[in-house]
Structure formats: C-alpha cells, structure tokens
Asker: 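Input: one structure, supplied below.
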There are 2 protein chains.
Amino acid sequence: MLSRSVQDYLKTIFKLQEGGAVSTTEISKELKVSGASVTGMLKRLSAMELVDYNSYKGVKLTEKGKVVSLEIIRHHRLLELYLKDHLEFSLEKVHEEACRLEHYISEEFADKIDDIMGHPQFDPHGHPIPTKSGVLSEFEDKPLNEVEVGANIQIKRLSDTDSELLAYLEEMGLMPGVQLTVLEKAPFNGPVTVKFANEEKIIGNEIAKNIFVIMNCDEIPE
Amino acid sequence: MLSRSVQDYLKTIFKLQEGGAVSTTEISKELKVSGASVTGMLKRLSAMELVDYNSYKGVKLTEKGKVVSLEIIRHHRLLELYLKDHLEFSLEKVHEEACRLEHYISEEFADKIDDIMGHPQFDPHGHPIPTKSGVLSEFEDKPLNEVEVGANIQIKRLSDTDSELLAYLEEMGLMPGVQLTVLEKAPFNGPVTVKFANEEKIIGNEIAKNIFVIMNCDEIPE
DNA sequence: AATAATATTTAGTTTTAAATAAAATTTTTC
DNA sequence: GAAAAATTTTATTTAAAACTAAATATTATT
Ligand SMILES: [Mn+2]
Ligand SMILES: [Mn+2]
Ligand SMILES: [Mn+2]
Ligand SMILES: [Mn+2]
C-alpha cells in the first residue's frame with residue numbers, strides 16, 4: 001500500500017502537470033515542505049516508477065503514476081458527492097473528510113458508492129469525476145471576474161479549498177449549474193454584479209475568482 | 001490523533017479485559033507482536049494516561065482509555081452494518097473494510113450513519129453497538145456446541161474473524177435472529193443437528209463453536 | 001525453600017517514513 | 001560571465017513501531 005503522503009504527492013503532481021514537467025519548487029509550495037524533502041520524495045517515487053524524474057528538469061507522472069493519481073481523485077470526488085447527497089454533510093465539510101478517507105477506502109467501496117449514485121459525472125464543487133477506467137472529462141471554464149458584462153453564463157465549478165468561502169457561496173445559492181447574467185463590473189478589480197433567480201447580487205472580486213463559469217450553451221451539461 | 005496502531009492496542013486490551021488486568025503475553029498473542037513490543041507500547045499508552053500499567057502485574061484501561069476504545073468499537077460496528085445494509089457489501093467482507101476505516105472516519109461520519117440507520121443496536125454479526133455516550137449492552141450467550149439437546153434457541157451472534165466461515169454460515173442461513181431447535185449432539189465433540197425453517201441441518205463442532213446462542217424467550221430481542 | 005520454568009522488562013538495535021538545515025551544484029537571469 | 005535562483009546532496013533529526021538478547025521478576029514444581 002502506498003502511504004498517504006506518497007498518494008498526496010502524486011495528486012499534487014497530477015494537479016500541477018498541465019504544461020509539462022512540474023518543478024520541485026511548485027510541489028514544495030503546494031505541499032508546504034522544503035525543497036530538499038521534495039527531492040527526496042521524487043527519488044522514491046521514481047524508484048517506484050510512478051514518475052519520470054530528471055534532476056533539475058522537473059518531474060512527470062508515468063502512466064502508472066497517472067493511474068494511481070486518477071484513482072485517488074476518483075475516490076475523493078465520489079466521496080465528496082456521497083457525503084453530501086447520502087450522508088447529509090454540508091458542502092463546506094465534504095472536502096476535509098474526503099481528503100482523509102480517499103486514502104483508505106477500498107476499490108470496492110468506491111465502486112459501490114459509484115453504483116448507488118448512478119455513475120455521477122461531477123462532484124459537489126463541479127469537478128469531473130474520473131471513470132473507473134481512468135477517463136477524466138475536461139471543459140473550459142474561466143473565473144467569474146474575467147467574464148465580460150452582458151454575458152449569460154453558468155456556474156461550472158467552485159474552488160474547493162476554502163471552506164468558509166464555500167459556506168458563503170452555498171448560503172448565497174451560487175452553486176454549480178446556476179445560470180447568471182453579468183450586469184456590471186466595477187473597475188480596478190471591483191465587485192461583479194450578477195442577476196440570477198430574478199435578483200441582483202454583488203459579488204466581491206476575491207470571491208469571483210473562485211467561481212468558474214462557462215458561456216451559456218442551449219443544453220445544460222451535467 | 002492516535003495512530004492506528006495505538007487504537008488497535010486499545011481495542012485489544014478492551015476485548016481482553018473482562019476479568020481484570022490484561023497480561024503482556026495475552027496482548028502479544030492477540031496482536032502477533034513480541035512481548036518486548038507490547039511492553040514498549042504499554043509504557044507509551046500509560047504516558048498518555050490511556051491505561052493503568054503496573055510492571056509485571058498487567059494493564060487496565062483508564063476511563064479515558066475506555067472512552068476511546070468504545071468509540072473505535074462503535075465506529076467499527078456502525079460501519080459494518082452500514083456497509084452491509086447500505087452499500088451492499090457481503091457479510092464476509094464487512095469486517096476487513098470496517099477494521100481499516102474505523103480509524104479514519106470522523107465522529108460526524110459515525111453520527112450520520114448512525115442517524116440514517118436509526119440508531120441500531122447490533123452489528124451484522126450480532127455484536128452490540130456502543131451508544132454515542134459509551135454504553136455497551138451485554139447479554140449472556142453460549143456457543144452452540146454447548147447447548148443441551150432439545151433446547152429452543154436463537155442465534156445471537158457469530159464470531160466475525162473468519163470470513164470464509166462467515167460466507168458459509170450466510171449461505172446456510174445461520175444468521176443472528178434465526179430460531180433453532182437442537183435435535184441431536186453426537187458424542188466426542190461430534191456435529192450438532194439442528195432444525196430450522198423446517199429443515200434439519202448438521203453443523204460440525206468447529207463451526208458450532210463460532211455460533212453463539214441464547215435460550216429462547218418469548219420476545220425476540222433486537 | 002530451592003530450583004526450574006515462564007513471563008516480563010530492559011537495553012540496545014533496526015527499519016521505515018518523512019522531514020530538516022546547510023553546503024554544494026546546476027540552471028537561469030541580467 | 002557574474003549574480004541570483006532553483007535544485008540537489010549530505011548529514012541529521014524525529015518518530016513510530018518493531019525486533020533480539022540479556023536481565024530480572026514471578027510462578028510453579030519438587
Ligand atoms: Mn488526501
Ligand atoms: Mn471537490
Ligand atoms: Mn482496525
Ligand atoms: Mn462485527
């Protein structure tokens with residue numbers, strides 16, 4: 001069994017490796033450990049053939065490493081949704097619980113909750129859930145603060161790290177799937193005014209950065 | 001957070017401490033570690049005030065230690081029942097999964113599944129589930145191989161360690177709650193013949209040792 | 001009561017995981 | 001090409017959890 005720590009390194013590398021290799025410093029910052037610790041772990045991961053590691057050049061997941069990472073991410077997102085929809089956890093609490101349990105549930109556990117939920121595609125924050133075979137759907141979204149005035153948009157996903165912010169967004173009703181129109185954008189990174197459910201709401205810029213949206217299309221995904 | 005290992009020592013001491021203090025050797029045998037390892041751990045547990053430890057005399061849980069143990073046992077049994085009744089795990093698989101997850105679920109998780117199941121009193125093997133406040137119900141049962149011929153009995157609980165045996169018992173329909181009549185007991189630890197659901201079944205002595213029963217009373221507990 | 005057998009503890013190591021600081025090295029930037 | 005930044009190396013540290021072998025205590029046996 002891979003340790004929780006090893007699994008968290010893999011998840012982090014997966015998350016960071018969009019544009020090619022991931023640097024030691026990036027991982028170091030994300031996990032809040034020293035660079036030396038990262039180098040040490042990268043050697044171990046490399047010995048386990050979970051990553052391709054080139055000194056000074058950065059690190060990439062191997063196919064094997066990707067499979068493991070996607071499995072953990074799958075566990076995480078299935079758990080989040082299950083906690084929310086079947087165990088009545090509030091949205092802001094699901095991340096922490098899932099981030100712990102993701103390392104300990106069996107494949108069978110994950111498959112069972114997946115079945116019960118009917119193979120859902122998205123977690124409660126709007127993140128895509130990898131399939132059992134490891135396929136992760138992608139979409140292009142952008143933060144609400146970058147949308148032009150007048151656009152009809154749909155909330156696609158929320159950043160899941162700040163639980164206080166999530167509690168606030170849930171309170172406001174700003175959840176994935178909600179349709180919005182951008183009425184106004186104050187200059188100098190000022191608040192964004194949106195209309196939804198026939199009400200106008202003013203959303204601070206810092207908050208808007210954590211709300212990711214897609215341009216409206218006729219069919220509503222998810 | 002108490003480590004998984006610490007938690008398993010506590011559970012073991014709880015299980016063994018019926019008649020007073022538990023000896024190093026008993027723990028050593030149960031956990032399959034050396035006596036020296038046990039002594040080492042007992043000192044640590046004692047420093048954490050989870051046990052009262054007297055060199056050479058044995059060890060007892062403190063009130064604090066009991067509270068922690070009962071919490072883990074509660075997690076274990078709630079999980080077993082939830083896995084069986086809500087996630088469709090088969091009986092022989094629940095123990096292993098619960099024995100792992102019991103250390104990692106939050107109190108909130110335990111409370112949520114407890115609520116959903118309506119505060120059940122017994123796990124799928126017939127073991128009592130401690131209440132949230134730490135009350136563990138007790139009952140007197142005895143192994144099926146010690147019951148006299150002619151007795152009307154009810155299966156109260158099954159030993160939960162041997163998963164192959166459990167699969168067999170489930171197959172046979174020998175589950176907690178089932179009513180039996182003992183028709184015959186072969187001498188020299190021979191098999192026990194029982195009648196239930198209008199059928200006669202012969203149960204080997206080794207198996208009968210793992211089936212714990214209570215004498216029939218009018219009301220059916222559970 | 002002395003001795004033998006058994007149980008337990010102590011002392012000293014081992015393993016493994018995961019981290020660190022400080023020094024050395026490589027890469028990048030200016 | 002020098003300075004700055006990133007990265008690795010080296011040598012330690014911490015911690016949990018185990019082990020063996022030797023020493024000691026308890027208990028059972030004669
Ligand atoms: Mn995690
Ligand atoms: Mn999420
Ligand atoms: Mn356990
Ligand atoms: Mn059980």
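Chain letters run A, B, ... following the sequence lines, proteins first, then strands; residues in each count from 1. Remember, predicted model here, so these are calculated numbers, not experimental data.
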Asker: Rounded off to whole Å, could you give me the CG-to-C1' distance for the Leu2(A) and dA17(C) pair?
Answerer: 13 Å
Asker: Output yes when Lys209(A) and Glu206(A) qualify as a salt bridge under the 4.0 Å nitrogen-oxygen rule, no when they do not.
Answerer: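 Between Glu206(A) and Lys209(A) there is a salt bridge, with a charged N closer than 4.0 Å to a carboxylate O.
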Asker: Just how far, in rounded Å, is P of dT16(C) from CZ of Arg44(A)?
Answerer: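 Whole-Å distance recorded here is 11 Å.
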Asker: Where does the angle between the aromatic ring planes of Tyr82(B) and Tyr82(A) fall among parallel (under 30°), tilted (30 to 60°) and perpendicular (over 60°)?
Answerer: perpendicular
Asker: Are Ser5(A) and Ser3(A) linked by a side-chain donor-acceptor pair shorter than 3.5 Å?
Answerer: no
Asker: Taking the minimum atom-to-atom distance to the side chain of Val6(B), which one of dA18(C), dA17(D), dA21(D) wins?
Answerer: dA17(D)
Asker: Would you indicate which nucleotide in dC19(D), dT20(C), dA17(D) comes nearest to any side-chain atom of Ser3(B)?
Answerer: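 Within the option list, the nearest is dA17(D).
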Asker: Could you point out which residue of Arg77(B), Glu80(B), Lys84(B) forms a side-chain hydrogen bond (donor to acceptor under 3.5 Å, both in side chains) with His125(B)?
Answerer: Glu80(B)
Asker: Inspect the contact between Asp114(A) and Lys132(A) and indicate whether a charged nitrogen and a carboxylate oxygen are less than 4.0 angstrom apart.
Answerer: no
Asker: Starting at atom NZ of Lys29(A), determine the distance to atom C1' of dA6(D), rounded to an integer number of angstrom.
Answerer: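 After rounding, the reported distance stands at 10 Å.
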Asker: Looking only at side-chain N and O atoms, does Arg4(B) come under 4.0 Å of OP1 or OP2 in dA16(D)?
Answerer: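 For dA16(D), OP1/OP2 do not have a side-chain N/O of Arg4(B) under 4.0 Å.
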Asker: Distance check needed: dT8(D) C1' versus Asn54(A) CG, whole Å only.
Answerer: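 So the two atoms are 14 Å apart, to the nearest Å.
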Asker: Protein-nucleotides 25-27 of chain D N/O pairs closer than 3.5 Å?
Answerer:
unit_1  : atom_1 : unit_2   : atom_2 : d
dA25(D) : O4'    : Tyr56(B) : OH     : 3.3

Asker: Measure from NE2 on His103(B) to C1' on dA17(D) and round the result to the nearest Å.
Answerer: 15 Å
Asker: Please pick, from dT20(D), dA18(C), dT20(C), the nucleotide with the shortest atom-to-atom distance to any side-chain atom of Ser34(A).
Answerer: dT20(C)
Asker: Nearest of dT9(C), dT8(D), dA16(D) to any side-chain atom of Tyr53(A)?
Answerer: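 Among dT9(C), dT8(D), dA16(D), the one nearest the side chain of Tyr53(A) is dT8(D).
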Asker: Considering only side-chain heavy atoms of Ser37(B), which listed nucleotide, dT8(D), dC19(D), dT9(C), is closest?
Answerer: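 Taking heavy atoms from C-beta onward, the closest nucleotide is dC19(D).
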Asker: Show the nearest heavy-atom pair for residues Val51(B) and Thr62(B), with the distance to one decimal.
Answerer: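 For Val51(B) and Thr62(B), the tightest heavy-atom pair comes out as C-CG2, 3.5 Å.
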Asker: Using whole Å, what does the distance between atom C1' of nucleotide dA17(D) and atom CG of Leu42(B) come to?
Answerer: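 From Leu42(B) CG to dA17(D) C1': 13 Å.
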Asker: Please report the distance, rounded to the nearest Å, between NZ in Lys43(A) and C1' in dT9(D).
Answerer: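 Interatomic distance, NZ of Lys43(A) to C1' of dT9(D): 7 Å.
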Asker: In whole angstrom, what separates Lys32(B)'s NZ from dC19(D)'s C1'?
Answerer: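 About 18 Å, once rounded to whole Å.
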Asker: With a cut-off of under 6.0 Å to the ring centre and 45° to the axis, is Lys156(A) in cation-pi contact with Phe122(A)?
Answerer: yes
Asker: Should the pair Glu63(A)-Lys66(A) be classified as a salt bridge under the 4.0 Å nitrogen-to-oxygen rule?
Answerer: yes
Asker: Any ion pair linking Glu97(A) and Arg100(A) (charged N to carboxylate O, less than 4.0 Å)?
Answerer: yes
Asker: Taking salt bridge (charged side-chain N to carboxylate O under 4.0 Å, His left out) as the cut-off, I'd like each qualifying pair that reaches into residues 10-20 of chain B, sequence neighbours left out, listed once.
Answerer: Lys11(B)-Glu102(B), Lys15(B)-Glu30(B)
Asker: Using a heavy-atom cut-off of 4.0 Å across all strands, would you classify Thr24(B) as base, sugar-phosphate, or nothing?
Answerer: sugar-phosphate
Asker: Using the side-chain heavy atoms of Ser5(A), tell me which of these nucleotides is nearest: dA19(C), dT9(D), dT9(C).
Answerer: dA19(C)
Asker: Any residue in residues 8-18 of chain A with a heavy atom nearer than 4.0 angstrom to DNA chain C? Just list them by number, or reply none.
Answerer: Tyr9(A)
